[in-house]
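To keep things clear, I will list the structure first and then write my remarks on it.
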Amino acid sequence: MPATGRGSIMKGDAMQGGGAIKRLFKGGRRDPLDVLRSVYGYSAFRGEQQRVIERVVAGGDAVVLFPTGAGKSLCFQIPALCREGVGLVVSPLIALMRDQVEAMTQLGVRAAALNSSLTREEFLAVRRSLAAGTLDLLYVTPERIVTPAFREMMEGVPIALLAIDEAHCVSQWGHDFRPEYRALGAFAEQFPGVPRLALTATADPHTRDDIIERLRLDAAEVFTTSFDRPNIAYEIAERDQPRQQLLRFLARHPGESGIVYCLSRAKVEETAEWLNAQGLRALPYHAGMDRALRDANQDAFLKEDALCLVATVAFGMGIDKPDVRYVAHLDLPGSVEAYYQETGRAGRDGLPSDVWMAYGMADVVQRRRMIDEGGAADEVKRVERAKLNALLAICETVGCRRQAILAHFGEAHPGGCGNCDTCNTPVETWDGTEAAIKALAAIYRTGERFGTGHLIDVLTGKANEKTERFGHTQMPVFGAGRDIAPGVWQSIFRQLLAGGLVSVDHGAYGALKLEPEARAVFRREREVRFRKDRPQTGRKARAGQAPAARDRSTLSGDDRALFEKLRAERLSIAKDLDVPPYVIFPDTTLIALARERPRDLAELLDIPGIGETKRDRFGEAFLAVIGDFVETM
Ligand code: ADP
Ligand code: ZN
């Protein structure tokens, strides 16, 4: 096995010895299905993959809008292997390129990256292999691909295609806008006749239109699939003791990797420290950290098997780790789009994954304040408020979460997904009109000058210094809500706030104020129903499981033991090669190996994810683990 260092972007092995695939497929008719089977070790295309690939192989343009994990990479990698010339791939992050080059190299594909991290020698090596026609894929940064120097270097070099990955970066609508992407539209003229594809996991129509217009893809066929992520189990819990709740959630995932998102850098640091004190290996990641330390933590997350990364939203874009088994949110994200994107980092490999969020009154207050006190124009603030409200509606829904999330993206789902908390444990609701009127009256009578704590004291008739001083003990509303526990009042105020019946006055220390919509409730023209918040049991949300995804937790005792041995072997090989373990094999492959227990190299090829190169490189090592295991049984 060649020891390839991560430091070198150019893999010696890939550059010289890896000609097998070209030899197989670059002469005569290259069949995409053959490539899928012999290189990737997969038996069939998924969804629209085949149609995209056929179009690009035939020289057409494509816009590919698939959710994370749907298999976008194959849509450009396979045509690049089937067509004459090198496939150019524009990618916004060096880390992303590095990962893809590693993965391609392990598959026996000759891939390299051109970016600012290259040494002079590495750069010259890329140039030589381009000239010699021995590269299948070249990853390039958007800055570089539009330079005259690059055009010069490509003179006389046949180009199979241009793939623009993370194409939503061209649009100002999202959060990942990269101005350099704008210049990529010129590629069509600079390299006429080269088929182009733009790929993204962002579905919204604004972004799609921007991609087509800015990248001049009017002639492209647009391919979309459902944005549902059936293997992700959604759960949103009322926040009660967030750290204990988090610990219970993490306890469902021993030995697995995941991400915990927090809003602030300070909270990231504290949470990571606290988790370590609880005996869980956790590392922090945020934009304020020393660059080297941040990179080291990201690298550890990619290369270790069981690590919890505690991060701000600065972390995640371009993280291709397929076996992120959970994503937790300790704070509310800013929009449904952000929630979908952040939770979407779980389960790229299609195996069951859990996402969980703790949510409470404080989130609503904090998020609204961030909008109100931010420097944005009124029009922008209005849009941000609407975005936040859409997310709050998903938090408070009593229906299927998946249905609500997909509806936000304009996709109809019948509901009853069986893989979200509200489906697995239906939420009870109660007619809260009377209670709502009392709560609103308490706000109104006390002059819209007090926060939740004081209002609850008034409603439950708690005589103390403050209620006495303001004369609130003399009011009819004092004690009018004694029949309801203070904790339930908390939940009522949160739901009134989320539902837009009341708002928070940040200038007045979080005092609650009435919104115009409250009037209809006072007049009994509008009924109010509240969710019954349920106690936190730390119950597993994964009762009804995504049918297609078979989890390692469903492995029988023996298979499970073998899986762990295979996993150890994978980690040891990955360490030797200094690559992330998933670059060797994804978990799905290890699960199939543990179940099927192939006996020889021929049987190995029946395992999904084992193509010819990986069979040759790693086959013997994994067969030996299986052989030893069977013998000692
Ligand atoms: P995306 O870029 O859309 O998020 P990837 O291209 O990373 O998704 O693919 C997600 C996972 O699915 C990868 O592990 C990939 O190898 C696997 N995959 C893609 N296409 C197929 C297929 N046709 N059959 C089996 N596995 C596939
Ligand atoms: Zn559901």
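Read the numbers this way: they start at 1 and go in the same order the structure lists the ligands and their atoms. Throughout, residue positions are numbered sequentially from 1 according to the sequence presented.
- For Tyr359, there are no ring pair (Phe, Tyr, Trp, His ring centres under 6.0 Å) partners two or more places apart in sequence or in a different chain.
- The ring pair (Phe, Tyr, Trp, His ring centres under 6.0 Å) test with His329 singles out one residue from Trp356, Tyr340, Tyr339, and that residue is Tyr339.
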*For the pair Tyr285 and Asp295, evaluate side chain to side chain donor-acceptor pair (under 3.5 Å) and give the outcome as yes or no after the intermediate values.*
CA-CA 9 Å; Tyr285 186 103; Asp295 289 351; 5.3 Å; no
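- Residues Gln100 and Asp320 bring a donor and an acceptor atom of their side chains to less than 3.5 Å of each other.
- In this structure, a donor-acceptor pair under 3.5 Å is absent between the side chains of Ser91 and Glu166.
- Salt-bridge check for Arg325 with Glu256: failed, with every basic side-chain N at 4.0 Å or more from each acidic carboxylate O.
- Ring-centre distance between Phe66 and Phe227: not below the 6.0 Å cut-off.
- For ligand 1, residues of the protein lying within 4.0 angstrom by heavy-atom distance are Tyr42, Ala44, Phe45, Arg46, Gln49, Pro67, Thr68, Gly69, Ala70, Gly71, Lys72, Ser73, Leu74, Arg348.
- Around the Zn ion (ligand 2), the protein contributes the following N, O or S atoms at distances under 2.8 Å: Cys400 SG, Cys417 SG, Cys420 SG, Cys423 SG.
- Ring orientation note: the planes of Phe315 and Phe301 are nearly perpendicular, at an angle over 60° on the 30°/60° scale.
- Partners of Phe45 under the ring pair (Phe, Tyr, Trp, His ring centres under 6.0 Å) rule, at least two apart in sequence or in another chain, do not exist in this structure.
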